[in-house]
Amino acid sequence: MLDPNLFRNDLDAVIRGLASRGFEFDQETYHKLDSERRRVIQEAEVLKAERNRVSEEVAKLKRAKENADPLIAQQREVGDQLKALEAAEKQAETAFRDFLSILPNLPHESVPIGKDEHGNVETKRWGTPAVIEKPRDHVDLGTKLGILDLDRAAKMSGARFSVLKGLGAKLERALINFMADRQSAAGWSEVMTPYMVLPHSVYGVGQLPKFEEDLFKTKRGEDTLYLISTAEVPVTNLYREEILPEEQLPVRHCAFSPCFRSEAGSYGKDTKGIIRQHQFHKVELVAFTTPQLAEAEHEHLTACAEAILEALGLPYRRMLLCTGDMGFSSRKTYDLEVWLPSQNTYREISSCSWFGDFQARRANIRFRPKDGKPQFLHTLNGSGLAVGRTWVALLENGQQPDGSIKIPQALVPYLGTDTIR
RNA sequence: GGAGAGGUGGCAGAGUGGUUGAAUGCGGCAGUCUCGAAAACUGUUUAGGAGGUAUCCCCUCCUACGAGGGUUCGAAUCCCUCCCUCUCCGCCA
């Protein structure tokens, strides 16, 4: 949610910012909804003030044991009027909020303008891809090694699921522990949270109301519960409706979780292998901090994600996403892309975003400055990393001519072997 | 699943229809005292919204005592529904 004051103080900047992401701001509707809302609020408040004043007089009369009947009769009418007005007020308020809630965040000034992923800018490259003769892909490698079984996964759950076996399963676990250990050691305090959340939690991070079709949905009695698409959802909501003391910031959490995505509308994309799954694992980094520290925190968070790739010796590059390719809630995003020999290109393995106060305003997460009023804090998060895709990258980059996989030193203590064969 | 208790300000905890946005205590902040600190004393201390003035100092009004409805001229206080927490019993990885 954008700051309502922005619309009053600098409407042009809002319009320009939204336009840069390809979003056309409907000014006419905005003005209509805003003025209607204000009109109704004012009307209702005048009436309520009147009611409160007369009620007090009634109280005085009653206490003095005098007759208050004429006043009471007069008040009845006011009550009826108010009932109608309050309904109108609620409706106007809801309409206004609904309108605001589908507006994406405004890009930071450092974000390049662009229409789609072609506008993204590479800002860093690390590592040198090994020269591999006729590289095989992870499906080929994994299946032959007997550690990946896509056919049997399809038998029980359909497309976009996988079964890992033997050292494949252990590699997944090893990576989870490796990542969580590293990030905890780097100061990201570990949390484990629910994998099902109420709608307001999803709304808080900006995935509702616009992206409902991407989520798996389930029921508990009358309640709707969503399966989380990322640990960002529960972890960000850890502090909803709270005011954190400034000296506590930044608050940094890492969280392992499975992630569930219906991948609606992505048919045909990344169909091969386990790049795009309905269910995958991720170690997520989430930070809460002040507006002043947020930009530096974004760099820090991204560096912590990169540290995992570097520890595993996986070549990658960092992309600064352009306005047209950023997520709905994001103000600025770096994607980390890992080298995949079989595709002869870099593929996304982490996305590190700075949300400004966009999520905090939706979820009502604030901090109290040392002296002053509470204000919305800034939230950030990034994958540190996506486990399944790291699994893929390790197989493909570590493949040997004989089809075995060389495991990076740092991971050996977790996996218990330096080679999968 | 059964029975009971309860949800009030940063915390503890009063308050059963009329200046209660909320007593009291603790904590926090400021001051007095002190070389300084502690203690003691004094004062102060919720948030959101609309408007005014103006820009962030202030003023007026509205809203909020788990959430949503209802009763009433008027609700933290009465009624209904839901949510959550705690205790006991049952069941259970």
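Keep in mind it's a predicted model, so treat the numbers as computed, not measured.
Summary of the strand contacts: A:Glu93 and A:Glu56 both lie near RNA chain B, and taking for each the nucleotide with the nearest heavy atom, the more 5' one is attributed to A:Glu56. Nearest-nucleotide assignment on RNA chain B puts the 5′-proximal partner with A:Lys60, out of A:Lys90 and A:Lys60.
Applying the side-chain hydrogen bond (donor to acceptor under 3.5 Å, both in side chains) test to A:Glu172 and every residue at least two apart in sequence or in another chain returns A:His281. Under the side-chain contact (heavy atoms from CB on, under 4.5 Å) criterion, A:Ala13 pairs with A:Asp10, A:Arg16, not counting sequence neighbours. Among residues two or more places apart in sequence or in another chain, the salt bridge (charged side-chain N to carboxylate O under 4.0 Å, His left out) test is passed with A:Lys332 by none.
Within the 4.5 Å cutoff, the side chain of A:Met196 has no heavy atoms near those of the A:Ile228 side chain.
Applying the salt bridge (charged side-chain N to carboxylate O under 4.0 Å, His left out) test to pairs two or more places apart or on separate chains, those with a residue in residues 136-146 of chain A are A:Arg136-A:Asp140, A:Asp137-A:Lys272, A:Asp140-A:Lys144.
Checking A:His300, A:Glu299, A:His298 one by one against A:Thr302, the side chain to side chain contact (heavy atoms under 4.5 Å, CB included) holds for a single residue, A:His298.
A:Gln42 comes within 4.0 angstrom of the backbone, heavy atoms only, and of no base. Nucleic acid contact for A:Arg53: none, since no nucleic acid atom lies under 4.0 Å from a heavy atom of the residue. At a threshold of 4.0 angstrom between heavy atoms, the contacts of A:Ile41 are confined to the sugar-phosphate backbone, with no base atom among them. Among the atoms of the strands shown, none is found under 4.0 Å from any heavy atom of A:Val54. The residue A:Arg366 sits close only to the backbone: its heavy atoms come under 4.0 Å of sugar-phosphate atoms, none of a base. Within 4.0 Å of A:Gln75, counting heavy atoms only, lie sugar-phosphate atoms of the nucleic acid but no base atom. A:Lys62 comes within contact range of at least one nucleobase, with a heavy-atom separation under 4.0 Å. Residue A:Pro245 is out of contact with every strand shown, counting any heavy-atom pair closer than 4.0 Å.
A 4.0 Å heavy-atom criterion places the boundary nucleotides of RNA chain B facing chain A at B:G18 to B:G74, written 5' to 3'.
Side-chain contact annotation: A:Glu212 with A:Gln207, donor-acceptor N/O pair under 3.5 Å absent. Inspection of the A:Tyr334 and A:Lys124 side chains reveals no N or O donor paired with an N or O acceptor under 3.5 Å.
A distance of about 15 Å separates the P atoms of B:G13 and B:G66, rounded to the whole Å. Taking atom C1' in both B:A67 and B:A76, the straight-line distance is 15 Å, to the nearest Å. The gap from the P atom of B:A14 to that of B:G7 amounts to 9 Å, rounded to the nearest Å. When the P atom is used for both B:U19 and B:A23, the distance is 13 Å, rounded to whole Å. For the P atoms, the distance from B:U24 to B:C62 is 24 Å, rounded to whole Å. Across B:U8 and B:U46, the matching C1' atoms stand 12 Å from one another, rounded to whole Å. Comparing the same atom, P, in B:G9 and in B:A22 gives a spacing of 14 Å after rounding to whole Å. If you take atom C1' in B:A50 and the same atom in B:U45, they sit 25 Å apart, rounded to whole Å.
For the pair A:Arg331 and A:Phe355, the cation does not sit on the ring face, since its NZ or CZ is not both under 6.0 Å from the ring centre and inside 45° of the axis.
Taking the six-membered ring where the residue is Trp, A:Phe216 and A:His278 present perpendicular rings, their angle passing 60° and hence far from 30°.
Taken together, the paired segments of RNA chain B that extend over three or more consecutive Watson-Crick or G-U pairs, each closer than 3.5 Å at both contacts, are B:1-7 with B:83-89, B:10-12 with B:24-26, B:27-32 with B:40-45, B:46-52 with B:58-64, B:66-70 with B:78-82.
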